[in-house]
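Every number for a ligand or one of its atoms is a count from 1 in the order of the listing.
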Amino acid sequence: MNTLLQYGFTDRIGALFSFHYPSGVHPARVVRTDRGRVMVATRHGILHLDSPDSFVTGDWVGLEGDAPVITGHLPRWSLLQRKRAHDPLSEPQVLAANIDLLGVVVPLDRPLSTNRLERTLVAAWDSGAVPVVILTKADLSSRFDGVVAETVERARGVEVLTTSAEAGDGLEQLRGRIGTGQTLAMLGPSGAGKSSLINALTGGVRQDTGEVRASDGRGRHTTTARELVPLGDGAVLMDTPGLRGFALWDAEEGLSQVFGDIEELFASCRFHDCAHETEPGCAVQSAIASGDLEERRWLSYRKMDRELASLHRRQNVAEQRRQGKAFRRTVRDAVLAKDYRNRFREG
Ligand SMILES: Nc1nc2c(ncn2[C@@H]2O[C@H](COP(=O)(O)OP(=O)(O)OP(=O)(O)O)[C@@H](O)[C@H]2O)c(=O)[nH]1
Ligand SMILES: [Mg+2]
Ligand SMILES: [Zn+2]
């Protein structure tokens with residue numbers, strides 16, 4: 001099997017390339033990026049190229065020339081992105097492209113972090129990929145009672161697969177979920193066992209793994225780059241560094257996917273502009289009071305909703321500032337032009 005097929009090339013991708021590029025442009029896929037360098041899979045093997053930072057792991061790119069350069073990428077059918085920590089307004093950080101399945105990895109060697117699970121599911125749905133929850137370290141599941149059941153309940157209909165890289169459990173099922181030409185990216189906290197699972201699935205020691213710290217059970221951020229790993233048969237995995245947090249970027253659709261039941265309640269509030277706090281006839285507050293809606297879940301929704309609202313407010317302010325500057329520049333140019341014309345007339 002040629003290298004490109006191993007990295008998920010299919011007839012469909014071939015057709016997209018013929019549609020978007022003239023002949024003479026060769027298809028390739030970004031396997032990994034490293035500040036100004038990219039590693040790409042081509043029909044003839046792996047290449048390391050210099051490139052601007054506009055390409056991300058998973059991209060299908062066009063190569064041109066004898067000393068090949070990347071000339072562009074195919075439209076992305078899924079995109080995982082988040083808000084940058086220190087540069088909140090300009091651009092999101094794009095983590096990965098063209099993922100079909102997003103594995104939300106939940107380790108069974110620690111208590112479940114419900115908020116993290118919900119937030120990751122919001123981002124996963126929003127990317128355009130289909131989320132699947134992957135429980136890892138099933139051999140340690142007796143350490144904390146009820147995490148499996150709790151995860152299934154919290155995942156609300158998203159498929160949950162249970163695995164153990166150590167004992168070899170659930171590997172077949174997971175492998176069976178990734179079809180030819182499909183890519184599954186693993187997303188989860190450091191030390192969750194993402195790289196170990198990839199090694200178990202490929203039957204090698206391709207990805208470095210690291211012990212969790214004895215003191216608090218957290219990982220050591222062993223994996224440092226997003227990287228595609230072929231499984232053979234054209235199924236592809238993406239290993240990613242453990243996430244500390246995940247600040248959302250324009251993720252309203254993902255939020256509606258995960259919390260659709262809450263958003264449906266809004267229509268039943270007495271006032272159409274209900275803030276769902278102390279208003280009489282608030283459907284949200286009455287659902288909490290009757291036990292139909294868990295207060296923790298409502299607070300989790302509200303936190304993410306406010307985060308997105310504040311992002312948009314700041315984006316709008318930045319946009320207005322930008323437009324104001326452009327307007328002032330136009331006025332100034334017009335004044336200068338008039339001034340010039342007048343002088344010309346006088347002269
Ligand atoms: N008992 C047990 N330990 C596991 C299993 N999978 C992984 N581990 C251990 O968990 C630790 C962390 O595993 P990694 O695969 O490095 O975790 P990771 O999610 O890739 O972590 P980062 O790269 O830091 O994000 C290692 O010590 C693994 O040996 C498992 O199924 N069972
Ligand atoms: Mg890792
Ligand atoms: Zn209300």
Side-chain angles (χ1 to χ4, degrees), residues 32 57 95-96 102-110 113 116 120 133-144 147-148 161-174 184-229 237-246 259 261-290 292-293 295 297-299 301-302 305:
R32 179 184 169 126
T57 306
L95 299 178
L102 229 154
V104 176
V105 177
V106 177
L108 292 171
D109 64 349
R110 56 192 89 170
S113 164
R116 176 193 273 275
T120 320
V133 175
I134 302 174
L135 295 169
T136 53
K137 312 195 191 186
D139 54 297
L140 301 178
S141 64
S142 58
R143 282 197 192 169
F144 295 94
V147 179
V148 177
L161 297 171
T162 307
T163 67
S164 165
E166 184 77 18
D169 293 338
L171 301 182
E172 288 294 312
Q173 286 90 322
L174 177 56
L184 180 144
M186 309 249 184
L187 212 58
S190 178
K194 301 178 292 298
S195 301
S196 303
L197 192 55
I198 289 176
N199 287 341
L201 286 162
T202 57
V205 282
R206 239 195 107 107
Q207 301 302 105
D208 288 340
T209 63
E211 303 267 298
V212 295
R213 289 197 303 243
S215 53
D216 57 6
R218 286 169 187 270
R220 297 165 190 268
H221 294 276
T222 308
T223 305
T224 55
R226 287 168 288 279
E227 181 170 355
L228 297 182
V229 180
L237 295 173
M238 187 188 296
D239 199 1
T240 73
L243 291 172
R244 287 193 176 84
F246 203 106
F259 296 99
D261 56 323
I262 293 183
E263 294 187 346
E264 264 170 33
L265 285 176
F266 297 164
S268 311
C269 293
R270 186 179 306 159
F271 302 112
H272 76 275
D273 60 349
C274 184
H276 321 299
E277 277 160 12
T278 52
E279 289 83 351
C282 173
V284 173
Q285 291 305 332
S286 78
I288 292 172
S290 70
D292 287 344
L293 173 63
E295 183 164 32
R297 203 156 164 275
W298 162 244
L299 295 177
Y301 168 84
R302 204 179 54 174
D305 187 51

Over all atoms of both residues, closest heavy-atom pair of T224 and P241: C-CG, 3.6 Å
Distance check, rounded to the nearest 0.5 Å: T120 atom OG1 versus L187 atom CG? 6.0 Å
Please find the pair of heavy atoms, one from Y301 and one from E263, that lie closest to each other, and give the distance. OH-OE2, 2.9 Å
Passing option when T209 is tested against L197, T222, I198, N199 for side-chain contact (heavy atoms from CB on, under 4.5 Å): N199
Answer yes or no: does an N/O atom from T240 fall short of 3.5 Å to an N/O atom of ligand 1? no
For atom 21 (O) of ligand 1, the protein heavy atom that lies nearest, with its residue and separation: G191 N, 2.9 Å
Backbone or side chain, does Q207 get an N/O/S atom under 2.8 Å to the Mg ion (ligand 2)? no
Answer yes or no: does an N/O atom from K194 fall short of 3.5 Å to an N/O atom of ligand 1? yes
Report yes or no: does a heavy atom of S195 sit under 4.0 Å from some atom of ligand 1? yes
Is it the case that the ring center of F266 lies less than 6.0 angstrom away from the ring center of H272? no
To check your reading of the model: name the closest protein heavy atom to atom 31 (O) of ligand 1, its residue, and the distance in Å. A165 N, 2.9 Å
Do any N/O atoms on S196 end up under 3.5 angstrom from N/O atoms on ligand 1? yes
Provide the atom name of the closest N, O or S atom of H276 relative to the Zn ion (ligand 3). ND1
Which atoms of ligand 1 are found less than 4.0 Å from any heavy atom of E166? 2 (C), 30 (C), 31 (O), 32 (N)
Just verifying a value: how many Å separate M238 CE and K194 NZ, rounded to the nearest 0.5 Å? 13.5 Å
Which pair of non-hydrogen atoms, one from A283 and one from C269, has the smallest distance, and what is that distance? N-SG, 3.3 Å
E277 and R302 ion-paired at < 4.0 Å: yes
With a 3.5 Å cut-off and no angle check, do the side chains of T136 and T163 form a donor-acceptor pair? no
What atoms in ligand 1 come closer than 4.0 Å to a heavy atom of H221? 24 (O)
Taking the Zn ion (ligand 3) as the vertex, how big is the angle to SG in C274 and SG in C269, rounded to 10°? 120°
Atom CH2 of W298 and atom CD of Q285: how far apart are they, to the nearest 0.5 Å? 7.5 Å
For atom 24 (O) of ligand 1, what's the nearest protein heavy atom and its distance? S190 OG, 2.6 Å
Location of contacts on L140 toward ligand 1, heavy atoms closer than 4.0 Å: side chain
Decide, yes or no, whether a salt bridge links D109 with K137 under the criterion of side-chain N to carboxylate O below 4.0 Å. yes
For ligand 1, which atoms have a heavy atom of E211 less than 4.0 angstrom away? 27 (O)
List the closest protein heavy-atom neighbour of atom 3 (N) of ligand 1: residue, atom name, distance to the nearest 0.1 Å. K137 CD, 4.0 Å
Among all protein heavy atoms in this structure, tell me which lies nearest to atom 32 (N) of ligand 1, with the distance rounded to 0.1 Å. D139 OD1, 2.8 Å
Got the closest protein heavy atom to atom 17 (O) of ligand 1, with its distance? G193 N, 3.0 Å
Do any of the N/O/S atoms of S195, backbone or side chain, fall under 2.8 Å from the Mg ion (ligand 2)? yes
Could you check R220 against D208 for salt bridge (charged side-chain N to carboxylate O under 4.0 Å, His left out), going step by step and ending with a plain yes or no? CA-CA 11 Å; R220 297 165 190 268; D208 288 340; over 6 Å; no
Looking only at protein heavy atoms, which one is nearest to atom 12 (C) of ligand 1, and how far off is it? G210 O, 3.0 Å
Any idea which of D109, T223, L243 brings a heavy atom closest to atom 23 (O) of ligand 1? T223
Please check whether T222 reaches ligand 1 - meaning an N/O of the residue sits under 3.5 Å from an N/O of the ligand, judged on distance alone. yes
Geometry only, no angles: is G242 polar-contacting ligand 1 at N/O separations under 3.5 Å? yes
Heavy-atom distance under 4.5 Å between the side chains of R244 and H221, does that happen here? yes
